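Predicted model only: the values in this text are computed from it and were never measured. Throughout, a chain's letter reflects where its sequence line sits, starting with A, and its residues are numbered from 1.
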There are 2 protein chains.
Amino acid sequence: MSPATTRTEGRLYERIANDIRQALATGRYGVSDRLPSERDLAQQYSVSRPTIREAIIALELDGLVEVRTNSGVYVIALQPHGGKLTETDVGPFELLEARRIFEAEICGLAAQMIDDEQVARLRALTVDMESGDLLRAEAADREFHIEIARITQNSAMEKTVSMLWDARMKSPQYALLTGKARAAGIAPRVSEHRRIVAALASRNAETAREAMRDHLGRVIAHLLEATEVEAIERARAEVDAKRRRFGAIG
Amino acid sequence: MSPATTRTEGRLYERIANDIRQALATGRYGVSDRLPSERDLAQQYSVSRPTIREAIIALELDGLVEVRTNSGVYVIALQPHGGKLTETDVGPFELLEARRIFEAEICGLAAQMIDDEQVARLRALTVDMESGDLLRAEAADREFHIEIARITQNSAMEKTVSMLWDARMKSPQYALLTGKARAAGIAPRVSEHRRIVAALASRNAETAREAMRDHLGRVIAHLLEATEVEAIERARAEVDAKRRRFGAIG
DNA sequence: TGTCCATATTGGTCAGGCCAGATTGGAAAG
DNA sequence: CTTTCCAATCTGGCCTGACCAATATGGACA
């Protein structure tokens, strides 16, 4: 009945959870409805009860269903209300654009609230960025942006910034741009970060806002360029492959 | 060994998952470490293997571990990196302040990209807000703000707005402010929403930005007032209770 | 018609088992 | 002594069947 057993990749409970997710999204069940019992579902999907339980736990952790002991599992939402950003397929450029808009404002706010200790901490982070260690530099970069958000003393903003940052890592498209683009994309930008610190230290909201906006704008431009280069290289590789395959013709 | 079996509330897998979470947070394991096998963990916790599997799935969905078939489960993070906003305790005022900053910019952007159809859709939503049905009005309010974010054609912004909105519902402190404040907080604001639509329709970024900023500023002020009223009422109730208790003295 | 209890149902958990693929230690070959 | 390679071992993935306690439910009884 269900097409969940069609594909044969991934763990069983995931496929079943996805199938039920889809059933919820397409209205097969309504809010407050009770799902069939674990035993029934096990029969429907031709799997064991433990597997069904695993799928239900996944749905529960998504906030889609609520399981009442000795009663049943009940629908409490039809779609993953306010789900993690990292679970959706948001492109890297969208993420960066959003960061540019949001973080510019945050930076402007921070400029009005920052104290000397925080300035010092940001300076220390820019030093870390110069570290040869790429991972360390990247961690410092992340911390830099989150620290600025933290200055606003607004945890919602801080959370938002960290979520937008973390979402990038899981972007499938971003995974393609690792290596060169990544290495080149961080190290040289230390001067931009220093400019941001300077603007914050001067307590000038407008300057700080612009410094951040400019920084992320450049990151976008840089990534865009890297993407183009990557696309060209990929195209060339394809041509080469064809040339090898049809050797004589070339 | 582990104190996981101390408390006896909640499902077993949750308690075990929490115990392991804590073990990760306190450094008992490091990133890329391999956890003991499911069988070993089952013994350690004196539970069955299915229960351990459920706990591991919970950790996996948290992005803390990664399970490699036929190899083991490996630590990939020590704490819930960029978790859902709705799972943290962010106060309603922080959320609203963040929305004010972010959505004002988004609205400014949207003003430059909106088309007539979208204007019409927003108008329709303001009509819904006048509905006597409180739930419907609230849903329309939510959709209104998300629709504006959608106009920017940036799913990261759209997601952010919806997350910030949804997070409010789960705020424990917001739950206290239901009823009066909530009812009074939505209905009268239809005119503000109309102003936003008008600004968007005029394609004036600056006006749109200010309209949104003003709107959310008023929401904050209103909620603040409601909170004060509520606090005063609570204080009065307390005094009354004491008065009753120590009757004669009063 | 309304109350109440026996029974079927449901989630929570355990025990044990089979499978296929990854891992690894050590034997055999160089 | 080093390298190669295979088999025993380990690991997660999944199934079957079973017991428990608490909830629902339906029908008997008042």
Side-chain angles (χ1 to χ4, degrees), chain A residues 1-20 23-24 29 32-77, chain B residues 1-20 23-24 29-77:
Chain A
M1 173 169 282
S2 285
T5 56
T6 304
R7 269 190 274 101
T8 53
E9 62 179 55
R11 269 166 295 181
L12 245 192
Y13 90 83
E14 282 182 329
R15 279 182 275 155
I16 292 177
N18 281 330
D19 192 69
I20 298 180
L24 293 177
Y29 300 103
S32 85
D33 277 2
R34 208 200 71 174
L35 261 50
S37 73
E38 294 181 351
R39 290 170 176 82
D40 286 349
L41 286 173
Q43 269 204 326
Q44 286 180 33
Y45 285 103
S46 300
V47 300
S48 69
R49 197 151 80 93
T51 301
I52 293 293
R53 295 195 100 246
E54 292 176 354
I56 289 178
I57 286 175
L59 297 176
E60 188 179 19
L61 266 37
D62 273 356
L64 293 177
V65 303
E66 167 199 19
V67 19
R68 277 179 245 167
T69 304
N70 301 325
S71 172
V73 342
Y74 295 82
V75 178
I76 59 179
Chain B
M1 171 169 281
S2 285
T5 56
T6 304
R7 270 190 272 102
T8 54
E9 60 180 54
R11 270 165 294 182
L12 245 191
Y13 90 84
E14 283 182 330
R15 278 181 275 155
I16 293 177
N18 281 331
D19 193 68
I20 298 180
L24 293 176
Y29 301 102
V31 171
S32 85
D33 276 4
R34 208 202 70 175
L35 261 50
S37 73
E38 294 181 352
R39 290 171 177 80
D40 287 349
L41 286 173
Q43 269 203 328
Q44 285 181 32
Y45 285 104
S46 300
V47 300
S48 67
R49 196 148 80 93
T51 301
I52 293 292
R53 295 194 102 247
E54 292 177 353
I56 291 178
I57 286 175
L59 296 176
E60 187 180 21
L61 266 37
D62 273 355
L64 293 177
V65 303
E66 167 197 21
V67 19
R68 293 206 266 270
T69 303
N70 303 325
S71 173
V73 342
Y74 296 82
V75 178
I76 59 179

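Counting to the nearest Å, the P atom of D/dC14 and the CD1 atom of B/Ile56 are 13 Å from each other. Per the geometry, CD1 belonging to B/Ile57 stands 11 Å off C1' belonging to D/dC14, to the nearest Å. Between the CD1 atom of B/Ile52 and the P atom of D/dG12 there is a distance of 11 Å, given to the nearest Å.
Closest of all the heavy-atom pairs between B/Ala55 and B/Ile16 is CB-CG2, 3.8 Å.
In DNA chain D, stems built from 3 or more consecutive Watson-Crick or G-U wobble pairs, each with both distances under 3.5 Å, span C:1-30 with D:1-30.
At D/dG12, none of the side-chain N or O atoms of A/Arg11 fall inside 4.0 Å of OP1 or OP2 (strictly under the cut-off).
Once you apply a 4.0 Å limit to the heavy atoms of chain B, the touched nucleotides of DNA chain C run 5' to 3' over C/dG12 to C/dT23.
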Scoring nucleotides 16-24 of chain D by protein non-hydrogen atoms under 4.0 Å (B base, S sugar-phosphate only, - none) yields B-BB-BBSS
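When atom types are taken as modelled, the side chain of A/Arg53 and the backbone of B/Glu54 share no donor-acceptor pair closer than 3.5 angstrom.
Taking a 6.0 Å sphere around CD of B/Glu66, one finds it holds more than 12 heavy atoms contributed by other residues, nucleotides or ligands.
Checking A/Thr51 against B/Gly72, the closest nucleotide of DNA chain D that is more toward the 5' end is the one next to B/Gly72.
With values rounded to the nearest 0.5 angstrom, B/Ile56 atom CD1 is found 13.0 Å from B/Asp62 atom CG.
At least one side-chain heavy atom of B/Leu35 sits under 4.5 Å from a side-chain heavy atom of B/Ile20.
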